[in-house]
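Let me begin by presenting the structure, written as structure tokens, before commenting on it.
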Amino acid sequence: MFVTGIYGIYDLGSGEFTYARGGHEVPVIFDPDGEVRELDHGQGTALCVLPDPPLDVQVVQIPVGHTLLMYTDGGTDAMNMDEEFFGLDNLKATIAGSLESSAQELCEVVIKELLSFQTEAQFDDATLVAVRNLSGR
């Protein structure tokens with residue numbers, strides 16, 4: 001058995017997000033127009049596999065007006081009755097089409113879309129965290 005995890009600290013003043021990732025999905029950043037920037041990353045081994053797993057530690061700047069999204073694999077591995085995956089492209093498209101919403105509303109839109117896609121075939125839990133830099137600094 002193993003678990004993945006991500007732990008981060010967001011500095012409201014600077015827009016800097018520092019995180020450590022152990023096997024978890026790599027966060028992505030959306031600009032206000034919906035373009036996605038995938039973040040550089042290291043290996044970040046899942047937790048509980050090795051006694052002292054290497055973690056992927058990164059520092060990223062979230063520019064003003066941009067949105068950082070962290071998500072579990074249940075947000076991409078969701079499967080419908082035809083055994084098709086929701087996938088990262090659908091996740092990105094759903095987010096990109098809802099960037100006018102608040103961070104909370106953005107997550108709610110994605111969950112609603114996932115539930116609609118899966119109908120009765122729920123595959124995995126899905127957790128999302130959206131962080132938007134609105135500081136103007």
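Tracing side-chain contacts under 4.5 Å through hydrophobic residues (I, L, V, M, F, W, Y), one reaches L12 starting from V131; they form part of the same cluster. Transitive grouping of hydrophobic side chains (ILVMFWY, heavy atoms separated by less than 4.5 Å) brings V28 and L106 into a common cluster. Using a 4.5 Å cut-off between side-chain heavy atoms of Ile, Leu, Val, Met, Phe, Trp and Tyr, with links allowed through other members, V57 and V26 fall into different hydrophobic clusters.
Between the OH atom of Y19 and the CD1 atom of I6 there is a distance of 6.0 Å, given to the nearest 0.5 Å. Taking CZ of R21 as the reference point, atom CG of L47 lies at 10.5 Å (rounded to 0.5 Å).
Using a 4.5 Å heavy-atom threshold, the side chains of L134 and V64 count as separate. Side-chain contact between L88 and Y71: present, with at least one pair of heavy atoms (C-beta onward) separated by less than 4.5 Å. Between P27 and L69, every side-chain heavy-atom pair lies at or beyond the 4.5 Å cut-off. Between I95 and T67 there is no side-chain heavy-atom pair separated by less than 4.5 Å. Here the side chains of T18 and Q58 are not in contact, with every heavy-atom distance at 4.5 Å or above.
In terms of modelled atom types and a separation under 3.5 Å, the side chain of S98 and the main chain of S101 share no donor-acceptor contact. Listed for the T72 side chain is a donor-acceptor partner under 3.5 Å among the backbone atoms of T127. The backbone N or O of D77 lies less than 3.5 Å from no partner atom in the side chain of D73, so there is not a single donor-acceptor pair. Side-chain N or O atoms of T94 include one that pairs as donor or acceptor with a backbone N or O of N90 at under 3.5 Å. A distance-only check finds no donor-acceptor pair linking the side chain of Q104 to the backbone of A130 [under 3.5 Å]. When atom types are taken as modelled, the side chain of H24 and the backbone of G22 share no donor-acceptor pair closer than 3.5 angstrom. Checked by atom type and distance alone, the side chain of N133 pairs as donor or acceptor with a backbone atom of I62 at under 3.5 Å. The backbone N or O of E84 sits nowhere less than 3.5 Å from a side-chain atom of D82 that would complete a donor-acceptor pair.
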Exercise. Begin with the C-alpha distance, continue with both residues' side-chain angles, and end with the deciding distance and a verdict on side chain to side chain contact (heavy atoms under 4.5 Å, CB included) for I29 and H66.
Key: CA-CA 7 Å; I29 294 181; H66 289 55; 3.9 Å; yes
Practice problem: Determine, step by step, whether L99 and F30 satisfy the side chain to side chain contact (heavy atoms under 4.5 Å, CB included) criterion, reporting the C-alpha distance in whole Å, the side-chain angles of both residues, the deciding distance to 0.1 Å, and the verdict. | Solution: CA-CA 8 Å; L99 286 171; F30 292 83; 4.0 Å; yes
Exercise. In sequence, state the C-alpha distance, the side-chain angles, and the governing distance for E113 and F86, and then conclude on side chain to side chain contact (heavy atoms under 4.5 Å, CB included).
Key: CA-CA 10 Å; E113 189 70 21; F86 188 74; 3.9 Å; yes
Exercise. Kindly indicate, with the supporting measurements, whether the criterion side chain to side chain contact (heavy atoms under 4.5 Å, CB included) is fulfilled by M70 and L68.
Key: CA-CA 7 Å; M70 293 176 282; L68 175 108; 4.0 Å; yes
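Using a 30° and 60° split on the angle between ring planes, F17 and Y10 fall in the tilted class, from 30° to 60°.
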Show which side-chain atoms of residues 36-44 pair as donor or acceptor with protein atoms under 3.5 Å away, not counting sequence neighbours.
residue	atom	partner	partner atom	Å
E38	OE2	K92	NZ	2.4
Q43	NE2	T45	OG1	3.3

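When all heavy atoms are compared, the tightest approach of A126 to L114 is CB-CD1, 3.8 Å. Across all non-hydrogen atoms, the minimal contact from P32 to G65 is CG-O, 3.4 Å. Considering every non-hydrogen atom in both F2 and V49, the closest pair reads CB-CG2, 3.7 Å.
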